[in-house]
Amino acid sequence: LHARGGSRVLVGHGASIESLTVHGDLLLSGDAAGIALVWDLPSGRVLRRVTGGGGRLVALGLGGDGRSLMTAARTTGGAGGVQALVRQFDLLARAELERVRLPAGLEPVPGGVASTGRWVALQGADGLHVWEVGGARVPLRLPGSAGEASARGSAFLPVRGERVRLVQVDAAGQLRQWELGWSSGSPSAEPLAAVALPAGAAPHWLRLAQWPGGPVGAGGWLICGDES
């Protein structure tokens, strides 16, 4: 960990780290053994350790109340296929609130937990899906999204209040956007205008970096990388 005052090594995981998320002075980390740690960045101490469930923790998120942790893991289903295991914890009560194994064939996207802690992004062969914590067991498929073969990555961007925006880039360099919210009490996804990335920019991965200290929805950098 590098900061203005120098660097620090945080020791706590016994397996390779699969996901990292920063929420103010808190760092969330998840590993290949399914263990999540909540760190206090100023002191470098582990505040909470969440175990069990198995699978590779590829995405973590902290709810808007600051006390609920959501994890998304890649696990192997009964028939050998990949499944997403989503779990929600109350960090203060040290209790698991919910555990949901979503339909086979949908993999959680690395970093694919929204900052509000209410949405999980899942990639399937037929396109990109989202699932709302506490919602129906069947995730919502996003219209016009790219399937697993041509998708290159997706990322969440806070917009305002409880609404979030999900973006996806495909192999052709098309960036698609959806604004997620609720309509008549059910999750909804409103397609927004697609954006063509510069010629030759066919990214092989995608990450979103929110401007540090900026207000929700103020903007951020969309970072894409090629195969080199």
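- Shown here are the side chain to side chain donor-acceptor pair (under 3.5 Å) partners of Glu96, two or more places apart in sequence or in another chain: Arg87, Arg99.
- In this structure, the separation between CG on Leu47 and CG on Leu26 is 6.5 Å, given to the nearest 0.5 Å.
- Closest approach of Ala84 and Leu122 over heavy atoms only: CB-CD2, 3.6 Å.
- A chain of hydrophobic side-chain contacts below 4.5 Å, direct or via other Ile, Leu, Val, Met, Phe, Trp or Tyr residues, connects Val164 to Leu128.
- Atom-to-atom distance recorded for Thr71:OG1 and Gln88:CD is 9.5 Å, nearest 0.5 angstrom.
- Residues satisfying the side chain to side chain donor-acceptor pair (under 3.5 Å) criterion with Glu18, sequence neighbours excluded, are Ser16, Arg56.
- No continuous path of ILVMFWY side-chain contacts below 4.5 Å connects Leu97 to Val113, so the two sit in separate hydrophobic clusters.
- Both Val22 and Val46 are part of a single hydrophobic cluster, where members link through side-chain heavy atoms under 4.5 Å apart.
- Remark: Thr21 engages His23, Leu28, Leu60 in a side chain to side chain contact (heavy atoms under 4.5 Å, CB included) (not counting sequence neighbours).
- With sequence neighbours left out, the side chain to side chain donor-acceptor pair (under 3.5 Å) criterion links Ser29 to His13, Trp39.
- When side chains are defined from C-beta on, Leu106 does not count as touching Trp131, because their heavy atoms never get closer than 4.5 Å.
- Pairing each heavy atom of Ser154 with each of Ala121, the nearest pair is OG-CB, 4.5 Å.
- Once rounded to the nearest 0.5 Å, the distance linking OG1 of Thr75 with CZ of Arg101 reads 4.0 Å.
- Contact record, Pro108 with Ala72: CB-CB, 3.8 Å, taken as the closest heavy-atom pair.
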Run Leu27 and Leu10 through side chain to side chain contact (heavy atoms under 4.5 Å, CB included) and show every step you take. CA-CA 11 Å; Leu27 171 68; Leu10 302 181; 3.8 Å; yes
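- Side chains of Leu140 and Glu132 form no contact here, defined as non-hydrogen atoms less than 4.5 Å apart.
- Hydrophobic cluster membership differs between Leu62 and Leu92, with clusters built from Ile, Leu, Val, Met, Phe, Trp and Tyr side chains linked at under 4.5 angstrom.
- Note that the CZ atom of Arg48 and the CG atom of Leu37 stand 12.0 Å from one another [nearest 0.5 Å].
- Criterion: ILVMFWY side-chain heavy atoms under 4.5 Å apart, direct or through other members. Under it, Ile35 and Val58 are not part of a common hydrophobic cluster.
- Smallest separation of non-hydrogen atoms from Phe156 and Val120: CZ-C, 4.2 Å.
- Of all the heavy atoms in Pro143 and Trp178, the pair that sits closest is O-NE1, 2.9 Å.
- Atom CG in Leu175 sits 9.0 Å away from atom CD in Gln168 (nearest 0.5 Å).
- Among all heavy-atom pairs drawn from Ala189 and Leu180, the shortest one is CB-CD2, 3.8 Å.
- Annotation: side chain to side chain contact (heavy atoms under 4.5 Å, CB included) contacts of Ala104 (sequence neighbours excluded): Gln83.
- Taking CG from Asp31 and OG1 from Thr51, the interatomic distance works out to 10.5 Å, rounded to the nearest 0.5 Å.
- For Asp90, the salt bridge (Lys or Arg N to Asp or Glu O under 4.0 Å) test picks out Arg67, with sequence neighbours left out.
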